Structures are given as structure tokens and as C-alpha cells.
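Numbers restart at 1 for each chain; the letters A, B, ... are given by sequence-line order, proteins then strands. Only a predicted model underlies this, so the values are computations on that prediction, with no experimental measurement involved.
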Amino acid sequence: MTLSQEELAEELSDGATTRVHSRLRVVAGRFFRSPQGIAGFAVLAAMFLLAFAGPLVTRWSYTDKDFTAFLQPPSPDHWFGTLQTGADVFALTLRGMQKSLVVGLLAALVSTALAALVGAFAGYFLGWTDRVLSWTTDLLLVLPAFLVLAIMSPLFGAGQWALFVVMLALFLWMVTSKVVRGMTISLKEREFIQAARYMGVPPVRIVFRHVLPNLSSLLVVDATLNVSAAILTETSLSYFGFGIQPPDVSFGTLIADGSRTATYAPWTFWFVAGLLVVTVLAVNLVGDALRDAFDPAAKRAR
Amino acid sequence: MRPVLEVTDLGVTFGGVPAVRGLGYAVRPGEVLAVVGESGSGKSVAAAAVMGLLPRGARVTGSVRLHGRELIGAPARELDALRGRTISMVFQDPLSALTPVYRVGDQIAEAVRVHQRVSRENAQVKAVELLELVGIPRPAERALAFPHEFSGGMRQRVMIAMAIANDPDVIICDEPTTALDVTVQAQVLEVLKTAQRETGAAIIMITHDLGVVAGFADRVLVMYAGRPVEVGGVDDVYYRPRMPYTVGLLGSVPRIDRQGGRLTPIEGSPPSPGALPPGCPFAPRCPLWVAACDESEPPLYEVGEGHRAACIRWEEVRPADAADLAGPAGTGGDGGDGGEPPAGPRERHRRTVLEVSGLVKDYPLIKGAVFRRRVGTVHAVAGVGFDIREGETLALVGESGSGKTTTLTQILELAAPQAGRIVVLGRDTSRLGRGERTAIRRDLQVVFQDPLASLDPRMTVHDIVAEPLRTHGRRQPGRRVAELLALVGLDPEHAARYPQDFSGGQRQRVGIARALALEPRLLVLDEPVSALDVSIQAGVINLLGALRARLGLSYLFVAHDLAVVRHLADRVAVMYLGRIAEIGRIDAVYDAPMHPYTQALLSAIPLPDPARERSRRRILLEGDLPSPADPPTGCRFRTRCPKFRGELTDDERGLCVQVEPDVRTLGEDHGAACHYAERRVVV
């Protein structure tokens with residue numbers, strides 16, 4: 001070490017160069033630099049705003065029925081038109097969007113988090129932890145999810161959407177968890193994990209700090225897919241009358257009802273379907289951008 | 001004599017990025033041309049271009065003439081007829097170059113039958129002959145074995161046998177000995193010489209090891225940034241280099257015949273082929289740089305008979321010993337002086353930081369998936385003992401399979417060993433509680449071999465260096481991280497980058513910074529420079545030497561490269577098959593080794609000095625390392641020992657067969673585990 005460098009080091013410690021270049025900031029910075037990320041994030045934010053602030057600007061609520069307008073096309077009075085019952089499609093769509101967005105995003109997050117945790121812990125600790133966790137995973141894998149959800153549907157009454165989210169998530173995570181477990185086992189042999197162990201980093205922290213971030217590409221893609229999967233599962237459950245119970249609505253019930261009248265009253269179907277497509281698209285954009293932001297090698301690829 | 005292979009103005013580009021530019025050479029029958037260069041210099045790509053083995057995306061220009069026949073642009077069928085018959089290749093990794101599911105003999109026979117009209121039986125006979133030629137014992141029997149039943153050195157011999165099967169005129173060897181241990185490397189180089197004698201072929205030897213070149217090649221071509229920068233006879237290039245890069249390369253090679261001290265690294269790192277600097281590509285790293293260097297890329301000047309160099313100031317370039325190149329080259333960010341050579345026999349410090357005695361580690365060999373049963377035991381470490389005093393560097397050297405890495409992991413685990421004792425910083429590891437273990441980890445840090453693998457690719461350099469600080473309870477590591485990065489010669493501004501954005505040498509510096517974060521007292525270095533190029537390696541070795549002097553560190557240094565060890569270590573322990581063969585002060589062991597294994601090991605290391613290399617006599621070991629699952633009785637080395645075979649009487653041999661020798665002290669701080677140890681100068 002030359003003297004000049006030593007001096008440099010001291011100079012640095014005198015100055016206030018305590019800027020933190022931690023991972024969180026770098027990832028956030030990279031996410032918001034990518035046009036995809038900004039677009040996806042903006043659209044998602046707009047959707048949420050529409051879903052939760054929208055009801056304030058229209059004078060109809062989703063339970064109201066306008067007995068002067070049955071199955072009317074869009075007009076200044078009813079922006080998205082009305083249903084056969086006289087219900088306002090705009091108000092209904094917003095209400096359904098609230099449910100679907102929350103259910104879809106939450107279920108996806110919960111299921112991916114569950115998959116990551118179970119898989120990583122099973123793969124990292126092996127032994128008894130692995131046996132217990134893998135057994136649970138296998139058990140849930142063989143349960144017929146749709147049937148269980150259908151049987152439990154009476155429980156998802158008014159205000160029980162949180163339970164619904166948990167149940168949806170509970171049947172989405174198993175396959176990913178198996179993949180995560182396998183990848184963790186191979187990651188565990190890598191030198192940087194060894195390095196952390198020899199440094200004295202506690203095992204649980206190694207899982208969170210080294211194992212999971214290195215699986216982030218997989219997890220982000222999985223979460224993105226799960227959003228669509230959760231929304232679609234909810235939609236199909238609701239279509240069969242199991243999921244969200246009337247008078248509450250969701251994208252699923254709306255699409256189910258709208259599809260019957262779609263040919264001669266397109267407004268009952270196309271607005272909901274369009275918003276569903278836009279939502280899934282935005283989630284995918286965010287997922288892509290997040291994956292690139294997490295992956296340090298992605299910068300050079302483009 | 002007319003050249004067999006003539007390459008002129010060869011250029012290769014991958015999607016617009018040039019990998020090889022303006023390469024030209026000619027080889028005559030029986031001549032050995034060495035192509036040297038660091039990774040990324042385009043030497044392997046050039047060889048693949050000559051063979052016509054490049055992927056579709058590559059654009060090849062220029063001309064390659066084999067016996068006057070143009071190969072570039074030749075139809076595939078024509079090339080197929082030439083490849084393997086007139087021109088053949090030996091690859092670096094002999095495991096992936098052999099098909100795992102066919103018998104070795106069949107693979108050689110296939111190579112024969114592709115080009116010659118011979119019957120299956122005759123081809124088999126020829127295969128066995130070839131195996132015998134390359135020195136495989138019991139060739140008829142071994143021809144029926146599969147590749148996985150061969151050791152690395154044996155596989156490389158098979159590859160050579162296949163390469164010479166059709167009596168080619170040119171053999172291209174792409175780093176043929178890089179993946180092998182030194183004693184095996186010496187054997188394989190001998191085989192290559194035999195092969196050349198038998199076939200009279202020209203050999204193009206691609207390598208980064210300047211020692212191998214010195215003893216093996218007639219002419220040398222040095223490549224840098226895809227271009228030849230110096231070409232000439234091996235003596236001319238080694239003793240009268242005319243290109244600063246060659247001078248730097250030769251100056252940065254650690255040598256076993258020189259005492260420790262500073263190496264002369266080349267500053268900076270090679271340019272990326274996509275963004276070459278204007279003018280001479282070496283200009284940014286050159287100690288002789290003048291403004292004119294940046295104007296245009298220098299052509300190859302004729303600087304002597306058959307000796308050309310691409311430098312406009314070639315008349316002023318002097319070998320590193322004569323000119324004081326060390327001055328300007330050393331001022332950069334490479335860690336200044338320090339690492340003083342251990343002058344004379346030094347008094348050893350009294351405090352011990354690490355003590356290992358009688359360490360044993362066995363691994364069970366398990367077979368079967370359903371009914372798992374133990375079929376044997378691998379004795380990875382069988383009774384190893386040494387100690388490290390404060391401020392001292394002990395190097396653990398040995399070939400692969402010698403148990404050095406196992407010893408290391410046993411120490412790093414800080415758990416109770418299977419047998420024996422490990423005392424780290426005065427604490428016996430078998431009596432440690434959880435808290436104490438964490439506390440000791442503060443003082444015991446590790447630097448790994450592959451810097452890219454040991455740094456979490458998803459973490460920024462800041463987070464990586466800060467991790468040990470955070471783990472051991474420091475809240476605001478920002479300032480300390482900047483300090484550490486500056487200490488290892490990195491720009492603290494780069495803390496927000498990921499490890500991928502750094503070059504190999506810089507990554508290893510990050511690894512060192514992380515290891516130093518907690519101001520440890522003992523640093524364990526697991527092959528810290530073996531993954532780096534020579535010019536970069538020198539800088540890291542200097543840094544390690546300087547840090548030890550400044551921070552009062554003790555090093556446990558594990559390496560297979562004995563030359564690097566000589567530059568860094570105070571004491572050395574040579575391991576063979578899980579036991580220590582010889583241990584002692586570095587000068588004592590290197591200058592007058594006593595154990596026959598150490599003697600063979602040292603004599604197998606090629607020196608980057610052509611004249612000495614030609615006059616040296618090697619002690620060639622026969623065969624491979626015995627399996628650690630079934631070590632020989634008595635002395636473990638006796639199956640390969642030249643002394644056992646050649647010098648001892650039958651009575652004396654009895655002792656070797658029956659009694660396993662322990663390390664005996666045979667001089668001041670010098671001991672060997674041999675019943676008949678005697679000093680011998682081999683370097």
C-alpha cells in the first residue's frame with residue numbers, strides 16, 4: 001500500500017462519503033429508469049385510482065338499479081351503459097375491479113412468498129425441516145383445489161374476502177416451492193453462500209439475504225404469472241357461482257353475466273374484459289421490469 | 001523448408017466485435033510455435049478459425065493455407081477430410097473432449113477409421129499401439145475402459161493419441177496442460193514431445209503459461225487484444241523482448257527460483273474487444289507511453305532476425321531486469337511496496353494464531369440409491385499438523401487430491417474435528433459454544449479462489465463489503481466500506497456496481513476488502529490468484545504482501561502454484577495424499593528440498609527461462625496419485641517415489657513398505673516425512 005492511497009483512505013473517512021449504495025436503492029433506481037417499469041407501474045396505479053376513487057365521481061352505486069334504463073348503451077347518464085336489471089355497468093365494473101385487483105395481487109404475493117419461504121427453508125436446512133415442509137407441499141399438491149374451494153365457498157360470505165385470498169394462495173404455491181427448493185440446494189454449494197457462513201452470518205439471514213435474492217428472477221416471474229392465475233381462478237370460481245357472492249361482484253361474475261349478452265349488448269362485456277386484459281398486461285410489464293432491475297447482468301443485454 | 005501451415009492477415013469478428021485482427025504466422029514441419037496471451041486475447045478463437053470450428057455467427061477473413069491449400073471458405077466436406085488427418089487438435093479439458101459412453105479404444109479406432117481404410121480389428125490394434133506410445137500402462141487392457149475410469153492426465157494422453165492417430169502434419173494444442181497438476185503436466189509435455197518426434201508434425205501450442213513455452217517452443221507469438229504484438233525465437237523474446245507488454249508479462253510471472261518480494265504487475269486490465277483504444281491497444285497500460293502511441297496502431301517492426309514487435313519505441317524497450325521498468329509501473333493502484341523479502345533466518349514470533357495437530361477427516365463412499373451402503377472410506381486428511389505464528393504466512397501446497405482444501409474447510413467450520421485438534425487463536429474448536437464461534441469468525445476470514453463465485457452476484461459491492469460489518473453489529477458501515485475499497489486499491493465511487501461489472505483482479509480485491517472488513521488476525525486464502533491472469537495476478541500478490549506488512553496479518557495460504565507460494569509465504573507445508581510430506585522455512589524447502597516428492601514437484605515446475613529450462617533435468621514421477629480411498633501401506637509416496645524405485649536396496653525398501661514415516665525435524669525449522677531424506681538442489 002503506497003502512502004498516497006493511505007492518505008486517500010483517510011481523506012475519505014474524513015469527508016462525508018457515507019452515501020449508501022445498498023441493493024434496495026439500486027434496484028428501485030433501475031426499476032424506475034426502465035420505460036417498461038414506469039409504464040406498467042403508472043397503469044397499475046391508474047387502475048387502483050380508478051377502482052377506489054372512481055365510485056366518488058359517479059352518482060350510481062353498484063347496488064343501485066335505474067328503472068328507467070334497461071340494457072341501454074353508454075350515454076352521458078350511464079357511462080358504460082346498463083344491464084338488463086338496470087344496474088350501472090360503470091359502477092359495477094369499478095366494484096368488481098376493486099375486488100379482483102386486491103384479490104389477484106394479494107393472492108399472488110402471498111402464494112409466491114409462501115413458495116419462496118417454504119422452498120428456501122426446505123432446501124437450505126434439509127433434514128427434518130425439509131421432510132416436514134416437503135410432506136406438506138406434497139399433501140396440498142394432491143388435494144383437488146377447485147373442489148375444496150367450492151366446498152368452502154359458503155364461508156366466503158360478505159366481508160370474508162381475506163379468507164378467500166388466503167385460500168386461493170394456498171393452492172397456488174406448491175409447484176414453485178418445489179422449484180425453489182431444488183434451486184436452493186444447488187445455490188447452497190456456491191462459494192458466496194460458504195463465504196457468508198464462514199463470516200458468521202446466521203443461517204436464517206443467509207436465506208433472506210443471499211438465497212432469495214438470487215432466485216428473484218424466478219420469483220418475480222412466478223408472482224406475475226400468479227396474478228393472472230389468481231384473477232382467472234377467482235373469475236372461474238365466481239363464474240360457477242362459488243367465489244364472490246352476490247350482491248358483491250367481481251370481474252369473474254361480471255364477465256360471466258356479460259358473456260351472455262355480449263353479442264347484442266357489447267358494453268356489458270367488453271369494458272370488463274378490456275380492463276382485465278389491461279390489468280394483466282400492466283402486471284406483466286411491472287414483473288419484467290422488476291426482474292431486469294434485480295438482475296445485474298440484464299443491463300448489458302440491452 | 002516450406003511451411004506446412006501459413007496464416008496471413010486472419011481476422012475474426014463476432015457480430016461486428018473483432019476477436020482476432022491481422023494474425024499471421026507460418027510453421028514448418030517439426031517446429032513448435034507457442035501462441036501466448038492472456039484470456040480474451042483471441043488465441044483460442046484464432047485456433048478454432050484455423051480448424052474451421054467457429055460457430056455460424058463468426059465472420060472470418062484473411063487466409064489460412066495448409067500445404068498451400070486455402071482453408072477459409074473451403075467446402076465443409078473438404079475440411080472434414082483434412083481435420084483429424086492433416087491437422088488435428090488437443091483440447092484443454094480432456095473430460096469433455098472424450099465421449100463418455102464409448103470405450104477409449106473404440107474412440108481412437110474411430111479416429112483412425114474415419115480417415116483410413118482399415119478393418120475394425122486393425123484399427124483396434126493401431127489404437128493399442130497409440131496408447132502404448134503415449135505411455136498408458138497395460139494399453140491392451142486400458143483400451144477397453146471408459147473415459148471416466150481414466151485420470152485427467154491419462155485422458156489427456158488419450159487425446160494426444162487420437163490427435164496423432166492419422167500422422168498429422170500440424171497439431172494444435174489449446175492449453176493442453178492447464179487443467180492438470182504440475183507433475184502430470186511434466187509427464188504430458190514429455191508425451192507431446194514423443195508424439196512430435198514420432199510424427200514430425202508442427203505443433204501450435206496455445207497457452208498462457210510462460211514456463212511451459214520456455215521449455216517446449218522454438219518460436220513464440222505474443223497476442224494482445226486480438227493481435228500479434230511480438231513474434232520471434234524463444235530466446236529472442238525471453239531475453240531481448242522489444243514490446244513493453246512482453247516485458248511486463250515476463251516481469252509479472254512469479255518464479256520458483258527467485259526469492260520473494262515485489263513482482264512487477266502490468267497496470268490496468270486488457271481492453272474489451274468492443275471498445276479498443278485508438279492507436280496501440282496496450283498504450284493505456286504501457287509504462288513507455290508517449291503521445292504518438294495513441295495516433296495509430298503500430299505495425300510489426302522487424303527488430304531482429306525473425307523477430308518482430310509492434311511498438312514504435314521498440315529500440316528503447318529493455319528486459320525488466322536491465323531497465324528500471326519497475327519504477328513507472330509500480331506507482332499505480334497496485335499496492336506499492338511492502339511484502340519485504342524474508343531476509344535470512346528470522347526468529348519466529350512467539351504467539352500462535354493457529355495450531356493444527358493430528359487432524360483426520362474421512363468421507364464415506366456410499367453406493368446405491370435405495371439400499372445405501374458404505375463401500376469404503378476416503379481418507380482425505382490423515383493426520384496433519386502445523387502451526388502459524390503471528391504475522392507469519394504458511395502455505396499449504398499440493399496437487400489436487402492432496403487434502404489441502406479439506407484441511408482448510410475443517411479449520412473454517414470451527415467444529416470439532418473427527419480426530420485431532422484445531423486451536424484457533426488460542427481456542428480449541430471442539431470446546432466452542434455458539435457465541436464464541438461467532439466471535440472467532442471475526443478474527444478468522446477467508447478469501448476464495450474464484451472471485452466471481454464467492455461474491456453474491458445479486459449484491460452491490462457496497463452490500464458485499466458491508467455484510468461482515470453488519471453481521472457483527474455495525475450500524476453505519478458506509479464510511480468503513482469506502483475506506484476498505486480504497487485500501488485494496490479500488491475506487492470507492494464504484495461501490496454501487498455489481499461484481500459482474502469488474503474485471504477478475506478487481507473482483508478479487510473486493511473479496512479481499514470483504515475479508516479485511518473486521519480487521520481479522522488470521523486470513524485464510526484459498527488459491528486467491530489461480531483464477532487470474534498473470535499480469536493481474538502480480539498486482540494481487542503484491543497487495544496481499546503489502547497488507548500483511550501493514551495490518552500485521554497472518555495468512556494460511558492454500559495453493560497448487562509453488563511459484564506464487566515462494567513470493568508470498570514464510571513457511572511452506574507440502575501435502576501428499578492427506579499427509580504432510582515436508583514442512584519448513586520457504587528458502588530451506590525450495591533451495592534444498594529433502595522429501596523426494598517435494599523434489600519432484602519443484603523440478604516439474606517449468607521456469608520462464610529458455611536456456612535454463614533446456615539444461616534442467618526433471619525428476620519425472622510415474623503414474624497418478626493413488627486413490628485416497630485405498631492409500632499404499634507404509635509411506636504413501638512409495639508407489640511413485642523415484643528414490644524407492646531407483647536408489648534404495650531391498651532391505652531399505654522394507655521400512656518404506658511397513659512403516660508410515662512421520663515428519664522428522666531435520667534442520668532448523670525444516671522437516672520431512674521420509675525415512676531416507678536427503679537434501680538435493682532441483683530448481
Side-chain angles (χ1 to χ4, degrees), chain A residues 1-27 29-30 187 189-203 205-206 208-220 291 293-301, chain B residues 330-331 333 335-338 409 412-414 437-442 444-446 448-450 453-464 466-468 471-472 476-484 486-487 489 492 495-501 511 514-515 518 524 543 546-547 549-550:
Chain A
M1 188 56 36
T2 51
L3 263 179
S4 63
Q5 275 168 9
E6 197 177 329
E7 279 161 12
L8 181 69
E10 269 154 24
E11 250 169 56
L12 276 164
S13 45
D14 289 342
T17 43
T18 41
R19 261 174 303 145
V20 179
H21 303 287
S22 71
R23 174 156 58 198
L24 203 65
R25 281 180 64 149
V26 173
V27 168
R30 288 175 58 155
L187 263 181
E189 299 305 315
R190 298 271 295 275
E191 271 183 359
F192 62 87
I193 304 267
Q194 300 292 333
R197 279 186 51 218
Y198 292 149
M199 229 179 274
V201 183
R205 212 181 296 172
I206 291 183
F208 282 104
R209 200 185 279 162
H210 295 284
V211 175
L212 291 180
N214 275 288
L215 302 175
S216 57
S217 306
L218 170 83
L219 296 179
V220 167
R291 192 197 54 213
F294 267 114
D295 187 359
K299 186 159 52 180
R300 243 173 267 145
Chain B
T331 48
D337 52 325
T409 40
L412 286 170
E413 287 292 340
L414 290 181
R437 197 162 290 145
T438 314
I440 287 188
R441 294 222 184 273
R442 270 192 92 110
L444 172 71
Q445 293 286 325
V446 56
F448 287 95
Q449 172 177 11
D450 182 353
S454 66
L455 304 176
D456 189 337
R458 294 295 166 105
M459 278 170 116
T460 62
V461 164
H462 173 92
D463 283 352
I464 288 170
E467 179 165 33
T471 302
H472 290 275
Q476 290 288 325
R479 177 180 296 187
R480 176 82 180 131
V481 170
E483 249 173 61
L484 284 163
L487 182 70
R497 298 192 187 173
Y498 288 97
Q500 283 90 326
D501 305 334
R514 173 175 66 180
L518 293 165
V524 174
L543 174 70
L547 288 172
R550 246 192 67 176

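- Only the side chain of B:R514 comes within less than 4.5 Å of a heavy atom of chain A; its backbone N, CA, C and O stay farther away.
- Contact count versus chain A (heavy atoms, under 4.5 Å) is highest, among B:R441, B:Q449, B:M459, for B:R441.
- For the atom pair CD (A:Q194) and OG (B:S454), the distance works out to 11.0 Å, reported to the nearest 0.5 Å.
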Side chain to side chain contact (heavy atoms under 4.5 Å, CB included) assessment of A:H210 paired with B:R458: CA-CA 8 Å; A:H210 295 284; B:R458 294 295 166 105; over 6 Å; no

Chi angles and distances behind the side chain to side chain contact (heavy atoms under 4.5 Å, CB included) call for B:E467, A:M199: CA-CA 9 Å; B:E467 179 165 33; A:M199 229 179 274; 4.1 Å; yes

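- Within a 6.0 Å sphere centred on CZ of A:F294, other residues, nucleotides and ligands contribute 12 heavy atoms or fewer.
- In this structure, no portion of B:L518 lies under 4.5 Å from any heavy atom of chain A.
- Of the two parts of B:Q445, only the side chain, counted from C-beta on, holds a non-hydrogen atom closer than 4.5 Å to a non-hydrogen atom of chain A.
- Only the backbone of B:L455 has a heavy atom closer than 4.5 Å to any heavy atom of chain A.
- Across every non-hydrogen atom of A:F192 and B:P457, the tightest pair is CE2-CD, 3.6 Å.
- Considering every non-hydrogen atom in both B:Y498 and A:A293, the closest pair reads OH-O, 4.3 Å.
- Proximity to chain B (any heavy atom under 4.5 Å) is restricted, for A:R205, to the side chain, taken from C-beta onward.
- Contact of the B:T471 side chain with the A:R209 side chain is registered, since non-hydrogen atoms from C-beta on lie closer than 4.5 Å.
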